Colleague: 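Before anything else, here's the structure in question.
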Amino acid sequence: MPVYVVTGANRGLGLEFVRQLSQDSSNTIIAAIRSSSTDTSDLKAVASENTHILVCNTGDSASISSFAKELEKTLSGQKVDFLLNNAGVNSVSHQNALTIGEKDLHNEIQINVLGPATTVSTLVSAGLLSDNVRVTNLSSGLGSMERSLSINPRKCATYSISKGALNMLTVHQSGDLKEKLKGVVVICMDPGWVKTRMGGDGAILEPEVSIGGMLRVVHGLKEGDNGKFFTYDGSEVPW
């Protein structure tokens, strides 16, 4: 019975992850939400009997620590086989490199980079990740420097910077985690431009297509894929 942890599970891509994973009754799913006051009606509507809703605000290290303790109780000796670091924000998409707000950039780094970093390190310290865990950091094509060079005009500067940093975090995690978990594979993934609230106007990809593709990639990962950057269809993304 594989164990999945999905952060940011109450809406968008996270909700679709839970919906698809819930179709297999053998999966144990930990659906992490930002706050106990979060509206979970949509999440409960798609969740299976083996889905557990826990609070994990990935922008708050204390919340991540509390989540790890609750996760340990919930799993009762089981380990996490798939960690999907999905929670993220793109709160100031109008900003460019000349108008970046200091607090705005700090907020997106806090959630989009330090969130996955602290989540992984906390779960490793708690001994909650399996030796063969697959860690997926949800990135973006906007985090690719090569792809960003082809976009004119540039867009979503703070978000792009945070996702570029997340990609580098992934590379470092892929090496550092090998010292703790010999069979680990860590990747970053571009879900495509998906029709979610974050995707906004112009998005072209249905959530079920993006998530279905990403799950196929994740389930097919081999040790040689450690540290790579993929898109939802399995092709590698240029750095």
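Heads up: numbering here begins at 1 and tracks the sequence. Quick note: numbers below take in every heavy atom, side chains included, and nothing from hydrogens, waters or symmetry partners. The shown structure was predicted, so the numbers you read here are calculated from the model rather than taken from an experiment.
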Colleague: Using atom types as modelled and distance alone, determine if a side-chain donor or acceptor of D104 lies under 3.5 Å from a backbone N or O of V92.
Modeller: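 It does not hold such a pair.
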
Colleague: Does E236 reach the main-chain N or O of K228 with its side chain, forming a donor-acceptor pair under 3.5 Å?
Modeller: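 No, E236 side chain to K228 backbone: no donor-acceptor pair under 3.5 Å.
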
Colleague: Which atom pair, heavy atoms only, marks the closest approach of W239 to G227?
Modeller: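 Nearest pair, atom of W239 first, then G227: CZ2-O, 3.5 Å.
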
Colleague: Would you say S139 and T170 make side-chain contact, with heavy atoms under 4.5 Å?
Modeller: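 Not touching, per the 4.5 Å side-chain cut-off.
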
Colleague: Does the side-chain contact (heavy atoms from CB on, under 4.5 Å) test come out yes or no for Q95 and L105, once each step is laid out?
Modeller: CA-CA 10 Å; Q95 290 183 352; L105 180 57; over 6 Å; no

Colleague: Search all heavy atoms of E223 against all heavy atoms of K182 and return the closest pair with its distance.
Modeller: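 Scanning both residues completely, I find the closest heavy atoms to be OE1-O, 3.8 Å.
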
Colleague: Please tell me if the side chains of R147 and P238 come closer than 4.5 Å, counting only heavy atoms from C-beta onward.
Modeller: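 They are in side-chain contact.
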
Colleague: Is the shortest heavy-atom distance from the side chain of S91 to the side chain of E108 under 4.5 Å?
Modeller: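 Yes. Closest side-chain heavy atoms under 4.5 Å.
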
Colleague: Examine V124 and L169 and state if one hydrophobic cluster contains both, with Ile, Leu, Val, Met, Phe, Trp and Tyr joined whenever side-chain heavy atoms are less than 4.5 Å apart.
Modeller: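 No, no single cluster joins them.
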
Colleague: Indicate the atoms forming the closest heavy-atom contact of A87 with T58, along with that distance.
Modeller: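 Closest approach of A87 to T58: CB-OG1, 3.7 Å.
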
Colleague: Report the C-alpha separation of E16 and R19 in whole Å, then their side-chain angles, then the decisive distance to 0.1 Å, and conclude whether the salt bridge (Lys or Arg N to Asp or Glu O under 4.0 Å) test is met.
Modeller: CA-CA 5 Å; E16 182 63 19; R19 188 188 73 80; 2.6 Å; yes

Colleague: With a 4.5 Å cut-off on side-chain heavy atoms, are L129 and K180 touching?
Modeller: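 No, side chains not in contact.
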
Colleague: Hydrophobic clustering (ILVMFWY, side-chain heavy atoms < 4.5 Å, transitive) - are L205 and V237 grouped together?
Modeller: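 The answer is no; the residues belong to distinct hydrophobic clusters.
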
Colleague: Hey, could you give me the CG/CD distance between N85 and Q173, rounded to the nearest 0.5 Å?
Modeller: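 The distance works out to 7.0 Å.
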
Colleague: Checking the side chain of S66 only, and the main-chain atoms of A62 only, is there a donor and an acceptor separated by less than 3.5 Å?
Modeller: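 Yes, S66 side chain to A62 backbone: donor-acceptor pair under 3.5 Å.
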
Colleague: For the residue pair S162 and V113, what are the closest heavy atoms and their distance?
Modeller: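 Scanning both residues, the minimum pair turns out to be O-CG2, 3.2 Å.
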
Colleague: Is N167 reaching over with its side chain to a backbone N or O of G143, donor-acceptor style, under 3.5 angstrom?
Modeller: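 Yes; judged by distance alone, with no hydrogens or angles, the pair exists.
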
Colleague: If hydrophobic clusters are built by linking Ile, Leu, Val, Met, Phe, Trp and Tyr wherever their side-chain heavy atoms come under 4.5 Å apart, do V3 and V55 end up in the same one?
Modeller: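 Different clusters.
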
Colleague: Taking the side chain as every heavy atom from C-beta outward, state whether F230 and T136 have any atom pair closer than 4.5 Å.
Modeller: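 Contact flag for F230/T136 side chains = no.
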
Colleague: Testing the basics here: between R134 and V184, what is the closest heavy-atom pair and its distance to 0.1 Å?
Modeller: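 Of all heavy-atom pairs spanning R134 and V184, the closest is NH1-C, 4.3 Å.
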
Colleague: Kindly say whether D190 contributes a backbone atom to a donor-acceptor pair with the side chain of S140 at under 3.5 angstrom?
Modeller: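 No, S140 side chain to D190 backbone: no donor-acceptor pair under 3.5 Å.
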
Colleague: Between L142 and K163, does a side-chain contact (heavy atoms from CB on, under 4.5 Å) hold up when you go through it step by step?
Modeller: CA-CA 7 Å; L142 294 177; K163 290 302 185 179; 5.9 Å; no

Colleague: Where the side chain of E72 meets the backbone of L128, is there a donor-acceptor pair that is under 3.5 Å apart?
Modeller: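 Flag not set: sc E72 to bb L128 has no pair under 3.5 Å.
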
Colleague: What distance separates L21 CG from I211 CD1, expressed to the nearest 0.5 Å?
Modeller: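 Rounded to the nearest 0.5 Å, the CG-CD1 separation comes to 9.0 Å.
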
Colleague: Taking R11 for the side chain and A9 for the main chain, is one N or O donor matched with an acceptor at less than 3.5 Å?
Modeller: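 The answer is no, because no donor-acceptor pair under 3.5 Å joins these two groups.
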
Colleague: Could you check whether any side-chain heavy atom of V46 comes within less than 4.5 Å of a side-chain heavy atom of T51, counting everything from C-beta outward?
Modeller: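 A side-chain contact is absent here, since even the closest heavy-atom pair is not under 4.5 Å.
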
Colleague: As a quick check of understanding, evaluate side-chain hydrogen bond (donor to acceptor under 3.5 Å, both in side chains) for S48 and N50, giving each step before the final call.
Modeller: CA-CA 5 Å; S48 67; N50 292 326; 5.1 Å; no

Colleague: Do the side chain of T118 and the main chain of S61 share a donor and acceptor less than 3.5 angstrom apart?
Modeller: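 Pair absent, no side-chain N/O of T118 close to backbone of S61.
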
Colleague: How about E102: does its CD atom have over 12 heavy atoms from other parts shown lying under 6.0 Å from it?
Modeller: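 Open: at most 12 neighbouring heavy atoms sit under 6.0 Å from CD of E102.
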
Colleague: Start with the C-alpha gap between L43 and T38, add the side-chain angles, then the distance that decides, and say whether side-chain contact (heavy atoms from CB on, under 4.5 Å) holds.
Modeller: CA-CA 10 Å; L43 180 56; T38 298; over 6 Å; no

Colleague: Can any side-chain N or O of T7 pair as donor or acceptor with the backbone N or O of N86 at less than 3.5 Å?
Modeller: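 Present.
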
Colleague: Starting at CZ of R34, measure out to SG of C56 and round the result to the nearest 0.5 Å.
Modeller: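 Going from the CZ atom of R34 to the SG atom of C56 covers 11.5 Å.
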
Colleague: In Å and rounded to the nearest 0.5 Å, what is the CD1 to CG distance from I111 to N90?
Modeller: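 These two atoms lie 11.0 Å from each other.
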
Colleague: Distance check, rounded to the nearest 0.5 Å: N112 atom CG versus N137 atom CG?
Modeller: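 That separation rounds to 11.0 Å.
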
Colleague: As an exercise, state the distance from OH of Y4 to CG of D81, rounded to the nearest 0.5 Å.
Modeller: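 The distance works out to 8.0 Å.
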
Colleague: Considering only heavy atoms from C-beta outward, does the side chain of R154 approach that of L149 to under 4.5 Å?
Modeller: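 Side-chain contact under 4.5 Å: yes.
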
Colleague: Does V133 share a hydrophobic cluster with I29, counting links as ILVMFWY side-chain heavy atoms below 4.5 Å and allowing steps through other members?
Modeller: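 Unlinked, V133 and I29 end up in two clusters.
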
Colleague: Are L177 and L138 co-members of a hydrophobic cluster defined by side-chain heavy atoms under 4.5 Å apart?
Modeller: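 As far as the 4.5 Å side-chain criterion goes, L177 and L138 are not connected within one cluster.
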
Colleague: Applying side-chain hydrogen bond (donor to acceptor under 3.5 Å, both in side chains), run through D233 and T231 and close with a yes or a no.
Modeller: CA-CA 6 Å; D233 64 5; T231 192; 4.5 Å; no

Colleague: Hey, can you tell me if F82 and H219 have their rings parallel, tilted or perpendicular (30° and 60° cut-offs)?
Modeller: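 Perpendicular.
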
Colleague: Can any side-chain N or O of S174 pair as donor or acceptor with the backbone N or O of V171 at less than 3.5 Å?
Modeller: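 Flag set: sc S174 to bb V171 pair under 3.5 Å.
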
Colleague: Could you tell me if the side chain of V217 sits less than 4.5 Å from the side chain of D225, heavy atoms only?
Modeller: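 D225 does not reach V217 side chain to side chain.
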
Colleague: Going through the checks in order, is the side-chain contact (heavy atoms from CB on, under 4.5 Å) test met by S22 and N27?
Modeller: CA-CA 7 Å; S22 294; N27 292 334; over 6 Å; no

Colleague: Are a donor atom and an acceptor atom from the side chains of D39 and S41 found within less than 3.5 Å of each other?
Modeller: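 Yes, side-chain donor-acceptor contact under 3.5 Å.
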
Colleague: Which pair of heavy atoms, one from F67 and one from A32, lies closest together, and at what distance?
Modeller: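 Result for this residue pair: CE1-CB, 4.2 Å.
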
